[in-house]
Amino acid sequence: MSKAGALDLASGLGGKIEKAEVLSAVEQYERYHVFYGGEEEERKANYTDMVNKYYDLVTSFYEFGWGESFHFAPRWNGESLKESIKRHEHFLALQLGLKPGHKVLDVGCGIGGPLREIARFSSTSVTGINNNEYQITRGKELNRIAGVEKTCNFVKADFMKMPFPDSAFDAVYAIEATCHAPDAYGCYKEIYRVLKPGQYFAAYEWCMTDSFDPNNSEHQKIKAEIEIGDGLPDIRLTGQCLEALKEAGFEIIWEKDLAVGSPLPWYLPLDTSHFSLSSFRLTSVGRFITRNMVKALEFVGLAPKGSQRVQDFLEKAAEGLVEGGRKEIFTPMYFFLARKPLSESQ
């Protein structure tokens, strides 16, 4: 039940930002990033503002092109993008060992596509934490439409400082979300705090792989394109995430880059040489139509000034993601399953 039409896209552009302020917000967001002279430390220090601006600006585009679940997935031959995304979410629920009645936390839940799918799949109650007011408003409406408002809810808060008591949840997961955290250890430590002893935390992380060379200018350019196009203060290496988990107190059950060995490349939906009717809006033709539609909507005043600029940096992100995937220096699905010990001495 996602928004589908051009007018819906236009009405959502800018999120909770006043329409007259969208262009200014775009300019402020751009200045955080390398292409506009921004520094990593500034992005980390101002991550709340940067990430909020990002999701106010891009959520309508994401829902228009991608649906309710804003993430990638490994994909089998003959499987649609939508099917692979659902299977990716079900896999996470199975790894966590979710049981009916469990109280689950989705860290960085977006508009709640995975939250609703996992709640229905596992008969659990899922709380989504998100610091973006527009996404929560949209998510609540989608919960109502799906009829899951009694088992799924949202809390507006920073996942670096969660307003939950210790040991409040039977399971915690994050899907391509904690990459927005300025400090992996701080984020994982907070997740550790709210998780019950003996229970599990699973995540898909955006990471640079061991093939990434920080001294390679092309690799650095790809990394910078992904950061500006996806609201990231920095992209960590897989090993850095693993070490942060251990430092936070977690026991690592298993971990793997699920992009490795996927029958179809995860970046296929963004590859301009690929054509698909089922995900037409993501193809080169679909993106060309969207780009010109946004330009026209902005010209006639139905979309706020600055909308085309948002489309531009999302296109830049797509280019960086595809090249990062082809060169195997970036993955959006570094998976890990971690357990909080029953006692601190374990």
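- Note on Y54 and L23: separate hydrophobic clusters, where clusters join Ile, Leu, Val, Met, Phe, Trp and Tyr whose side-chain heavy atoms are under 4.5 Å apart, directly or indirectly.
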Problem - Evaluation steps, side chain to side chain contact (heavy atoms under 4.5 Å, CB included), between F159 and N131 - result: CA-CA 8 Å; F159 57 49; N131 213 17; over 6 Å; no
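- Residue D49 qualifies as enclosed at atom CG: its count of foreign heavy atoms under 6.0 Å is above 12.
- Taking the six-membered ring for Trp, Y204 and H88 have ring centres closer than 6.0 Å.
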Practice task
Test N132 against N52 for side-chain hydrogen bond (donor to acceptor under 3.5 Å, both in side chains), laying out the working first.
Solution key: CA-CA 6 Å; N132 184 268; N52 251 309; 3.0 Å; yes
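- Annotation: Y55 is in aromatic contact with H180 [ring centroid separation under 6.0 Å].
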Exercise for the section: Determine, step by step, whether D170 and Q199 satisfy the side-chain hydrogen bond (donor to acceptor under 3.5 Å, both in side chains) criterion, reporting the C-alpha distance in whole Å, the side-chain angles of both residues, the deciding distance to 0.1 Å, and the verdict. Expected result: CA-CA 6 Å; D170 297 297; Q199 300 305 308; 5.9 Å; no
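- Comment: E319 does not engage K316 in a salt bridge, judged by the lack of any side-chain N to carboxylate O separation of less than 4.0 angstrom.
- By the 4.0 Å N-to-carboxylate-O rule, E83 lies too far from K86 to be salt-bridged with it.
- Taking the charged nitrogens against the carboxylate oxygens, R339 and E251 do have a contact shorter than 4.0 Å, which makes a salt bridge.
- Under the 4.5 Å side-chain heavy-atom criterion for ILVMFWY residues, no single connected hydrophobic cluster contains both L264 and V260.
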Practice task
Mind running side chain to side chain contact (heavy atoms under 4.5 Å, CB included) on E176 and E205 for me, showing each step along the way?
Solution key: CA-CA 5 Å; E176 301 182 21; E205 279 282 11; over 6 Å; no
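- A distance below 6.0 Å separates the ring centres of F169 and F164.
- The side-chain contact (heavy atoms from CB on, under 4.5 Å) check on T151 picks up S125, V148, with sequence neighbours excluded.
- The structure places OG1 of T209 at 11.0 Å from CD1 of I235, a figure rounded to the nearest 0.5 Å.
- No salt bridge links K16 with D56; every basic N to acidic carboxylate O contact stays at or beyond 4.0 Å.
- Residues S84 and A73 approach most closely at O-CB, 3.4 Å, considering heavy atoms.
- The six-membered or imidazole ring of Y188 lies away from that of F250, with a centre-to-centre distance of 6.0 Å or more.
- A heavy-atom distance below 4.5 Å is found between the side chains of R138 and E63.
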Quick one: side chains of residues 94-105, donor-acceptor pairs under 3.5 Å with protein atoms, not counting sequence neighbours, listed by atom name and distance.
unit_1, atom_1, unit_2, atom_2, d
Q95, OE1, W254, NE1, 3.0
K99, NZ, G97, O, 3.2
H102, ND1, K99, N, 3.2

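- Minimum heavy-atom separation, S69 to E89: OG-OE2, 2.8 Å.
- Taking 4.0 Å as the cut-off between side-chain N and carboxylate O, R116 and E68 count as a salt-bridged pair.
- Between E323 and K221, no side-chain nitrogen of the basic residue sits less than 4.0 Å from a carboxylate oxygen of the acidic one, so the salt-bridge criterion is not met.
- No more than 12 heavy atoms of other residues, nucleotides or ligands shown are found within 6.0 angstrom of NZ on K140.
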Handout entry: Audit row: E247, K189, side chain to side chain contact (heavy atoms under 4.5 Å, CB included) steps and yes/no
Key = CA-CA 8 Å; E247 190 181 350; K189 191 66 178 176; over 6 Å; no
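- Note that CG of L258 and CH2 of W266 are 13.0 Å apart. Values are rounded to the nearest 0.5 Å.
- Transitive grouping of hydrophobic side chains (ILVMFWY, heavy atoms separated by less than 4.5 Å) brings V155 and L195 into a common cluster.
- For E27, the CD atom counts as densely surrounded, since its 6.0 Å shell holds more than 12 non-hydrogen atoms of other residues, nucleotides or ligands.
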Practice task
Before giving the answer on side chain to side chain contact (heavy atoms under 4.5 Å, CB included), spell out for K327 and I222 the whole-Å C-alpha distance, their side-chain angles and the decisive distance to 0.1 Å.
Solution key: CA-CA 10 Å; K327 295 182 183 300; I222 289 168; 3.8 Å; yes
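- In this structure, P263 and W76 approach most closely via the heavy-atom pair CG-CE3, 3.4 Å.
- No donor-acceptor contact under 3.5 angstrom links the side chains of N216 and Q220, judged on distance only.
- No side-chain donor-acceptor contact under 3.5 Å links D230 to the backbone of L232.
- When ring centroids are compared, Y334 and W206 stay outside the 6.0 Å threshold.
- Judged by distance alone, the side chains of S24 and Q28 do bring a donor and an acceptor atom under 3.5 Å apart.
- Within 6.0 Å of NZ on K156 lie more than 12 heavy atoms contributed by other residues, nucleotides or ligands.
- A distance-only check finds no donor-acceptor pair linking the side chain of K196 to the backbone of S167 [under 3.5 Å].
- For F72 and Y267, the gap between ring centers reaches or exceeds 6.0 Å.
- M333 contributes atom CE, which lies 11.0 Å from atom CD1 of I175 (distance to the nearest 0.5 angstrom).
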Problem - ring pair (Phe, Tyr, Trp, His ring centres under 6.0 Å) evaluation trace for F201 with F336 - result: CA-CA 8 Å; F201 166 44; F336 57 75; 5.4 Å; yes
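- Taking every heavy atom of both residues into account, G229 and A317 meet most closely at CA-CB, 3.3 Å.
- Under a hydrophobic-cluster definition in which Ile, Leu, Val, Met, Phe, Trp and Tyr are linked whenever side-chain heavy atoms come within less than 4.5 Å, directly or via other members, F91 and L115 are assigned to the same cluster.
- The nearest pair of heavy atoms linking P233 to M50 is N-CE, 3.6 Å.
- Using a 4.5 Å heavy-atom threshold, the side chains of D106 and I129 count as separate.
- In the hydrophobic cluster analysis, where Ile, Leu, Val, Met, Phe, Trp and Tyr join through side-chain heavy atoms closer than 4.5 angstrom, F335 is grouped together with I329.
- Of all the heavy atoms in E117 and H90, the pair that sits closest is OE2-NE2, 2.8 Å.
- The distance from atom CZ of F330 to atom CD of E225, rounded to the nearest 0.5 Å, is 12.0 Å.
- Other residues sharing a hydrophobic cluster with Y185 under the 4.5 Å side-chain heavy-atom criterion for ILVMFWY residues do not exist; the residue is a singleton.
- Classification of E227 and R43 as a salt-bridged pair holds, one side-chain N sitting under 4.0 Å from a carboxylate O.
- Ring pair H33/Y29 is tilted by interplanar angle, where 30° to 60° counts as tilted.
- Ion pairing of R193 with E190 is present here, as a side-chain N (NZ or NE/NH1/NH2) and a carboxylate O approach within less than 4.0 Å.
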